[in-house]
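Chain letters run A, B, ... following the sequence lines, proteins first and then strands; every chain starts at 1.
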There are 2 protein chains.
Amino acid sequence: MRTAADIRRMNSFAVVRAIHANGGASRRELVDITGLSFATVAAICTKLLELGVIAEVARKRAPAGRPTATLSLNPEHGFLLGVDIAETYVHVEAFDAALEPISSTQYDIDTHERSPDQVVERVKSAIAAERARHQGRALLGVGVSAPGQVDQVGGTSVFAPNWDWHDVPLRDMLADSVDAPLFLDNPLKSLAIAEMWAHPERRGQDFVVLNLGTGVGAGIAIGGRVVRGRMNSAGEWGHMVIVADGRACRCGSRGCVEAYVGAPGILQTLREAYPDSPLLHGDDQTATIAALAAAADDGDPAALDVIERTSHYLGIATASIVNLLNPDIVLLGSWVAELLGKHLLDRARTHLQAHALAVPMAAVAFELQHPRGNSVSLGSATFALEGYLDSVPDGTTDPETTPRRRTVG
Amino acid sequence: MRTAADIRRMNSFAVVRAIHANGGASRRELVDITGLSFATVAAICTKLLELGVIAEVARKRAPAGRPTATLSLNPEHGFLLGVDIAETYVHVEAFDAALEPISSTQYDIDTHERSPDQVVERVKSAIAAERARHQGRALLGVGVSAPGQVDQVGGTSVFAPNWDWHDVPLRDMLADSVDAPLFLDNPLKSLAIAEMWAHPERRGQDFVVLNLGTGVGAGIAIGGRVVRGRMNSAGEWGHMVIVADGRACRCGSRGCVEAYVGAPGILQTLREAYPDSPLLHGDDQTATIAALAAAADDGDPAALDVIERTSHYLGIATASIVNLLNPDIVLLGSWVAELLGKHLLDRARTHLQAHALAVPMAAVAFELQHPRGNSVSLGSATFALEGYLDSVPDGTTDPETTPRRRTVG
DNA sequence: GAGGGTTATTTTTGGTCTCGGAAATACTTC
DNA sequence: GAAGTATTTCCGAGACCAAAAATAACCCTC
């Protein structure tokens, strides 16, 4: 952001985003959306058309005058892979260059298959399966999300608590299985970036996506940029303390949000209050949470009690974020939110209201996220798309949100 | 940040900052610091010299070669006022255009003098006193910090809990007493901006200044920008919950950080554990905290116990920030930190370590802030300086940190 | 003491790039 | 062919950078 070329890159990037957000736009519309001059928009579009990043997909004829050429991201330009490495599965999804999902492959990971080599093997075969489906099309990039602390510049998993991984060089391990740039990041950052691409108004907002799963965390974006922190570890909302000297957390601390709001924490709340509850499916989190949701639908008092207790903690933990960051919007996402969200939302909002200051409370929207498919793989693919755009000669980039590029393979 | 002029403004701003941070610099040094080309630096400096914003203050002669012209912010160019409206006093400080303090006036505010008119009267007379001291010099701008929720764009105090103010139009009320642009903001933001100007390396870091006084809060800066949130209310760290259903807080919630770590909270801890302690000076916070510090110096076990308990809560509350934001540095400031800091710091760090995740913990520096004088008035004056630079024709600005300009009077 | 040599700092010049505004051009319907 | 809208093209202004030219000392010799 120092020389004229940087301006062109930023404006070029803004045009690409506007086209994507609009699902296709004419040059005139782009002028209105981006605020750039007609001349500039025309020049940028010409360049992007030459590169094949965008294409003229339709001409809208009007009663009079030259018909409008609708520009859109060029789905023929190639495809992207978004990889979501989670604690229990590997999900690999293919997207066209307009970020529309095309196909996906998912493999479960057994609890005992936890070594880096075993997991990487799974990832590789899922990638190979998707790669094979799209023979002949150019692979523009691969984005990979891995749980825990991830060094997105170095491409390593610094620490994954659930598998006890330390400094696993995931990008290098995967490099020989893909002939395209590979971007590694953390699911929280993927969620935030996906939200920004799917909802262009988010660029001008400060927002937080709360990820409610086995682990919990927050994807934070401020001023149109994903918050990463010094070590790309920002967003560990799950390990904020809400009960001093409270429940032991798997992180070694006590009273963490995750110990109450994470799926195992919800199970623990259920087990402590109703040790013999028929809703308990042993340690099977998904089954138990699903049973809880079904029972709550039927008005089961025990289920509603557990949900109320969970909402209490969720509301408090959300209040801390609302007070600290004063965001425009807080979203609840991931599988626990999908199963229990409708029961949690209003109850948690009540507790949020009781603990948040009036001014930030009045300003915040507290809602369920409505994902199209797997947001994490979408976000990972988005990182790959940004990386690709960044790498294009005379290309387009947002120097703030794009991870520093590092081509592999 | 869209056209070439924006680039010039940003680079111009970078040059001003570099000159200030260095306490004067040659053009050659500016090239190294800013990364700009020599030609660009020369052009910018010529312009700034013409405007009188900077001046050539010295020529360093070397054993050979053309002597180096040292450029520095031009203190003769005019002066700034920084106003710190606090709960118990009004502090007005004059700074030259190089942000060096020149003089200051402070008036106490009695507990019963809490109406907007009364407080504004105090502020006006303090400003008048400082104004009178610098007759004949140009007043470039006035920065005002007011406690509570402040709308810095509209220039109003939205809500000040300690005085029960609602929507007080402070800027308009003060406008007729100053013939210069007036900028209103919140002390937390002032602290953050002051820290950035005083320590240039902070621009590239994510940092948090914890303000430990009667109320507590956090000045947050991410990516060189002060975090404001939707309503400029970000930073209310004092009202994050660390003890679910804990102590009642004056905000109406329970278990807030402030209820434990704010000065009244520390007094409460002391009173609950040692009801007859000689350290207690009734409700006089300053006297009691000072007595606590003195007793701790002497190894008094009761004082050390209270400090240990406070450190526990402080460490937990800091851990939440470290986990959520993964900052490079967390600083402790304000009068409680000045009095008790040396006793709190290492103890709190122990608790921080116990509650923070390993990766962000390893990355963070946890230190006492070393302010030169009143950081809040310095920061307020800095907002005024930024506003002034922004207003200069062909001037310099950082569009991100500068509050939108709004000239009054 | 005067004048040329040295050396590091600044200033100028020339080339390339971007943006915006306005005029010119393209494309379609009536 | 006229009318009407959508793009493209054509400047001019301004910003950056690289490199050449100018400047302002000091130092040393004559």
Side-chain angles (χ1 to χ4, degrees), chain A residues 1-15 18-19 22 24-50 54-72 393-397 399, chain B residues 1-15 18-19 22 24-50 54-72 393-397 399:
Chain A
M1 243 181 320
R2 159 153 296 139
T3 175
D6 296 317
I7 291 210
R8 173 52 76 95
R9 292 171 78 83
M10 287 184 56
N11 287 341
S12 208
F13 187 79
V15 167
I19 291 175
N22 231 28
S26 71
R27 293 170 177 82
R28 167 164 291 284
E29 289 172 312
L30 291 172
V31 168
D32 296 339
I33 299 173
T34 61
L36 295 168
S37 74
F38 224 122
T40 303
V41 167
I44 289 173
C45 289
T46 302
K47 186 77 190 180
L48 291 172
L49 282 165
E50 267 174 33
I54 64 175
E56 209 176 293
V57 292
R59 321 209 103 192
K60 250 186 303 194
R61 44 186 57 184
R66 178 172 174 166
T68 307
T70 302
L71 302 168
S72 139
D394 266 62
T396 71
T397 195
Chain B
M1 243 182 318
R2 159 150 297 137
T3 175
D6 297 316
I7 291 210
R8 173 50 77 94
R9 294 171 77 82
M10 289 184 53
N11 287 341
S12 208
F13 187 80
V15 166
I19 291 175
N22 232 27
S26 72
R27 292 169 177 81
R28 166 163 291 283
E29 289 172 313
L30 291 173
V31 168
D32 296 339
I33 298 172
T34 62
L36 295 168
S37 74
F38 225 118
T40 302
V41 168
I44 289 173
C45 289
T46 303
K47 186 78 191 179
L48 291 172
L49 281 165
E50 268 174 34
I54 63 175
E56 206 177 295
V57 293
R59 319 210 105 192
K60 249 187 306 195
R61 45 187 55 184
R66 178 173 175 164
T68 306
T70 302
L71 302 169
S72 141
D394 267 60
T396 71
T397 195

Output the rounded distance in Å from CG (A/Leu48) to P (D/dT8). 12 Å

For the residue pair B/Glu50 and B/Thr46, establish whether any side-chain heavy-atom pair is separated by less than 4.5 Å. yes

Taking it one step at a time, do B/Val15 and B/Leu71 satisfy side-chain contact (heavy atoms from CB on, under 4.5 Å)? CA-CA 11 Å; B/Val15 166; B/Leu71 302 169; over 6 Å; no

Hey, what do you get for CG (A/Leu48) to CD1 (A/Ile54), rounding to the nearest 0.5 Å? 4.5 Å

For B/Ala18, which residues count as a side-chain contact (heavy atoms from CB on, under 4.5 Å) partner, sequence neighbours excluded? B/Leu30, B/Ile33, B/Thr34

DNA chain D contacts among residues 26-35 of chain B, heavy-atom distance under 4.0 Å: none

Examine D/dC16: is either OP1 or OP2 under 4.0 Å from a nitrogen or oxygen in the side chain of B/Arg8? Give yes or no. yes

CG of B/Asp32 to OG of B/Ser26: how many Å apart, nearest 0.5 Å? 8.0 Å

A/Arg66: what forms a side-chain contact (heavy atoms from CB on, under 4.5 Å) with it, not counting sequence neighbours? none

For A/Ser72, all residues meeting side-chain contact (heavy atoms from CB on, under 4.5 Å), sequence neighbours excluded: A/Val57

Euclidean distance, atom CZ of residue B/Arg9 to atom P of D/dG14 [Å, nearest integer]: 14 Å

Can you work out whether A/Ala5 or A/Ala39 has the more 5'-proximal nearest nucleotide on DNA chain C? A/Ala5

In this structure, how many angstroms lie between the C1' atom of D/dA25 and the CD atom of B/Glu56, rounded? 13 Å

At what distance, to the nearest 0.5 angstrom, does OG1 of B/Thr3 lie from CG of A/Asn11? 9.0 Å

Kindly calculate the angle separating the two end axes of the helix from C/dG1-D/dC30 to C/dC30-D/dG1, each obtained from five base pairs, and round it to 10 degrees. 30°

Quick one: pull up CD1 in B/Ile44 and CZ in B/Arg9 and give me the separation to the nearest 0.5 Å. 12.5 Å

Nearest-angstrom distance from the residue atom CD1 of A/Ile44 to P of D/dT8: 13 Å

Below the 4.0 Å mark, does D/dA15 have OP1 or OP2 next to a side-chain nitrogen or oxygen of B/Asn11? no

Does A/Thr70 reach the side chain of A/Lys60, with side-chain heavy atoms less than 4.5 Å apart? yes

Reckon B/Ala69 touches a base, only the sugar-phosphate, or nothing at all at heavy-atom distances under 4.0 Å? sugar-phosphate

Please give, in whole Å, the distance from D/dG14 P to A/Ile7 CD1? 15 Å

Atom pair distance, as rounded to whole Å: CG in B/Leu71 and P in C/dT9: 13 Å

Residue-phosphate contact under 4.0 Å: B/Thr3 side-chain N/O, C/dC19 OP1/OP2: no

Of A/Cys45 and B/Phe38, whose nearest nucleotide on DNA chain D comes first from the 5' end? A/Cys45

List the residues meeting side-chain hydrogen bond (donor to acceptor under 3.5 Å, both in side chains) with B/Ser37, not counting sequence neighbours, and say none if there are none. B/Thr40

Sequence neighbours left out, what passes side-chain contact (heavy atoms from CB on, under 4.5 Å) with A/Ala55? Give chain and number order. A/Asn74

Give B/Ala4 one of three labels, base, sugar-phosphate or nothing, depending on what nucleic acid heavy atoms sit under 4.0 Å from its own. sugar-phosphate

In B/S/- notation, 5' to 3', how is nucleotides 24-30 of chain C contacted by protein heavy atoms closer than 4.0 Å? --BBBSS

N/O (side chain, B/Thr40) to phosphate O (OP1/OP2, D/dA15) under 4.0 Å: no

Using whole Å, report how far NZ of B/Lys47 lies from C1' of C/dT12. 18 Å

